[in-house]
Amino acid sequence: MTWLTVALVLVVAAAGLLRWRRPAWYWLTFGVTLASLRVLVRYASVMDACGLTVPPSRWRLALARATNRPVPGPRAPRILRLRPTRTGLVLRLKLRPGQDAFDVAASCDRLRHSFAMYGVTSRELRSGVVEVRMTGYDVLKRVQMPAKVDIRPMRVPVALREDGAVHYRDYWAVPHALTLGATESGKSVYQRNLVAALAPQRVALVGIDCKQGVELFPLARRFSALADNQDTAAELLDALVSHMQDVYQVIRAEQRITADVPDAEIAADIWDLPEDLRPVPIVVLVDEVAELALSTKKNDPRRDRIIKALVRLAQLGRAAGIYLEICGQRFGSELGDGITMLRAQLTGRTAHRVNDQSSANMAFGDIAPDAVLAAIQIPTDMPGVAITGDSTGGWARIRAPHTSLRQAVNTCNRHADLTPDLPVLAPFRPLPGVPKPADVPAVESVPSTA
């Protein structure tokens with residue numbers, strides 16, 4: 001009996017240590033079993049307490065009276081499947097007549113407390129079937145991407161959601177996106193993850209970094225074109241617009257609209273073209289859009305030229321295989337004419353920590369008002385945490401894994417041979433090599449007080 005007690009104490013101590021230091025290991029060893037038993041044992045009473053039950057049907061009451069049996073109690077949604085995952089549990093429920101998926105979504109916080117889970121979210125799979133995802137620990141505190149992810153062309157993993165699922169950047173579903181975030185909010189790390197994930201794919205990367213290239217130029221070996229000032233950016237965007245028009249001519253020539261051609265073979269974008277004629281897709285990354293939109297002149301032709309080119313690419317670029325990633329600290333009407341029109345074309349929205357509510361409204365005010373409150377509540381000690389949403393109104397909390405600039409550079413250098421050489425972008429191709437140090441420092445150093 002003494003040895004049994006000692007073994008039990010050691011097991012409890014080990015479980016407590018794992019839960020404190022390694023919550024992911026604790027979940028895989030002890031937590032998943034305890035949580036599954038807790039959900040199954042408490043399920044009926046928790047559903048009743050949360051108001052997720054319906055009275056018994058009339059035929060059940062009539063059958064009970066006819067057979068002189070006790071009156072049946074209220075019925076909870078039926079469990080179709082309980083599936084453990086590496087971060088929590090997935091509960092698939094079949095709703096009873098009269099119930100709605102919104103009822104389950106409104107009770108997620110109560111279910112979280114009742115089942116002693118870290119987080120609970122729900123979504124409707126189809127009519128009458130709801131999936132409830134429960135996380136056993138804070139997966140965003142220490143982001144660990146799963147070993148196996150579903151990578152497809154133009155669809156790459158960039159972050160982890162709060163429910164334990166992988167957040168993908170899918171350019172086929174969401175062609176253009178806007179990323180906002182204050183200084184030290186993790187916006188640059190998110191951008192590095194995106195570049196590193198796109199590096200192994202057959203895609204041309206085009207960067208515009210008007211902060212003298214400090215963010216994107218270290219990754220230059222994987223970029224087909226880079227611009228570090230407004231003048232070069234204007235010329236680069238004009239070249240992209242010209243390339244887009246050329247691609248549309250190729251699509252027109254290959255549409256083959258005749259009576260004997262099936263509808264599925266009529267080309268409408270580059271993905272309908274034969275592979276030997278298909279142009280390379282282009283992802284344009286703008287590091288700080290305010291540097292392109294702000295101007296000291298009241299009527300600046302260069303600024304209007306840049307914004308007009310961005311708007312045209314956002315409106316017409318998808319079919320030509322040109323996708324925009326616009327980043328900035330703020331993105332509102334104070335940046336001048338054309339900004340609101342540009343924002344309307346950016347379907348995907350991601351907001352890191354922002355300094356005021358108006359910045360969050362710029363990202364989600366027109367698509368997901370509920371996400372505005374979540375965006376302004378991101379703590380300062382959690383860099384990289386962001387709120388992501390799209391035009392459907394749905395949103396989620398995500399966090400990208402920490403990727404250092406050296407790791408991103410190594411990834412880009414490893415896949416430098418995949419960099420497409422497009423003739424239209426040849427004048428903007430970054431030169432390889434490291435710049436030589438200047439003989440005279442550009443900034444005068446502070447004299448020593450010693």
Side-chain angles (χ1 to χ4, degrees), residues 145-146 148-161 165-179 190-208 216 219 221-226 237 240-241 243-244 246-248 250-251 254 264 267-287 310 312-327 345-350 386 388-392 394 396 398 400-401 403 408 411-412 414-422 424-425:
M145 300 292 285
K148 294 182 179 180
V149 291
D150 185 13
I151 299 178
R152 306 173 190 171
M154 305 306 298
R155 182 177 184 265
V156 292
V158 293
L160 196 66
R161 292 175 176 256
V166 178
H167 176 66
Y168 293 92
R169 179 68 178 94
D170 191 345
Y171 288 94
W172 284 356
V174 182
H176 313 301
L178 170 65
T179 303
Y190 178 85
Q191 191 179 58
R192 288 176 206 158
N193 276 279
L194 182 60
V195 173
L198 288 172
Q201 298 217 4
R202 184 180 176 270
V203 59
L205 299 179
V206 174
I208 298 177
L216 296 181
L219 315 173
R221 294 191 63 187
R222 186 54 185 86
F223 275 76
S224 299
L226 279 171
L237 291 173
L240 288 173
V241 172
H243 172 73
M244 177 181 67
D246 295 340
V247 172
Y248 278 127
V250 175
I251 297 175
E254 291 295 323
D269 55 31
I270 66 169
W271 305 108
D272 296 329
L273 295 174
E275 191 170 354
D276 57 335
L277 295 178
R278 184 182 304 157
V280 177
I282 301 175
V283 176
V284 183
L285 296 103
V286 180
D287 183 66
L310 284 174
R312 293 192 65 186
L313 291 174
Q315 291 179 336
L316 308 173
R318 184 207 60 83
I322 300 177
Y323 308 96
L324 298 182
E325 288 286 342
I326 308 294
C327 299
Q345 305 297 326
L346 305 177
T347 306
R349 309 287 177 86
T350 301
T388 182
D390 53 38
S391 58
T392 62
I398 64 172
T403 301
T411 302
C412 290
R414 189 164 54 249
H415 299 95
D417 57 320
L418 299 178
T419 304
D421 190 8
L422 303 180
V424 70
L425 300 179

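All values below come from the heavy atoms of this structure, side chains included, with hydrogens, waters and symmetry mates left out.
- In this structure, the side chain of Thr419 engages the main chain of Arg221 through a donor-acceptor pair within 3.5 Å.
- Interatomic distance, Ile208 CD1 to Leu237 CG, rounded to the nearest 0.5 Å: 4.0 Å.
- Listed here is the closest heavy atom pair of Pro146 and Leu160: CD-CD1, 4.3 Å.
- In terms of modelled atom types and a separation under 3.5 Å, the side chain of Arg192 and the main chain of Thr403 share a donor-acceptor contact.
- Between the side chain of Arg278 and the backbone N or O of Leu273 there is at least one donor-acceptor pair closer than 3.5 Å.
- The aromatic rings of His176 and Tyr323 lie tilted to each other, with the angle between the two planes from 30° to 60°.
- Taking every heavy atom of both residues into account, Gly348 and Val174 meet most closely at N-CG1, 3.2 Å.
- A distance of 4.5 Å separates CD in Gln191 from CG in Asp287, rounded to the nearest 0.5 Å.
- The nearest pair of heavy atoms linking Tyr248 to Ala320 is OH-N, 4.0 Å.
- When all heavy atoms of Val166 and Met145 are compared, the pair lying nearest together is CG1-CE, 3.8 Å.
- Side-chain N or O atoms of Ser224 include one that pairs as donor or acceptor with a backbone N or O of Pro420 at under 3.5 Å.
- Counting only heavy atoms from C-beta outward, the side chains of Thr388 and Tyr190 never approach each other to under 4.5 Å.
- In this structure, CG in Leu425 is found 10.5 Å from CG in Leu226, a value given to the nearest 0.5 Å.
- Taken from CD in Gln201 to CZ in Arg152, the straight-line distance is 11.5 Å, to the nearest 0.5 Å.
- The closest donor-acceptor contact from the side chain of Arg169 to the backbone of Ala159 lies at 3.5 Å or more, if one exists at all.
- Leu194 places a side-chain heavy atom less than 4.5 Å from the side chain of Glu325.
- Note that CG of Asp272 is 12.5 Å distant from CG of Leu277, once rounded to the nearest 0.5 Å.
- Under a 3.5 Å cut-off, the side chain of Asn193 and the backbone N or O of Pro401 do form a donor-acceptor pair.
- Summarising the local packing, CZ of Arg155 is surrounded by more than 12 heavy atoms from other residues, nucleotides or ligands at distances under 6.0 Å.
- For the pairing with Val206, the side-chain contact (heavy atoms from CB on, under 4.5 Å) check across Leu240, Val283, Leu285, Ile322 returns one residue only, Leu240.
- Between Val203 and Arg222, the shortest heavy-atom distance links the atoms O-NH2, 3.0 Å.
- To the nearest 0.5 Å, atom NE2 of residue His243 and atom CG of residue Leu422 are 6.0 Å apart.
- Here the closest heavy-atom approach between residue Ala199 and residue Thr411 is recorded as CB-CG2, 4.2 Å.
- The main-chain N or O of Gln345 is never found under 3.5 Å from a side-chain atom of Gln315 such that the two would form a donor-acceptor pair.
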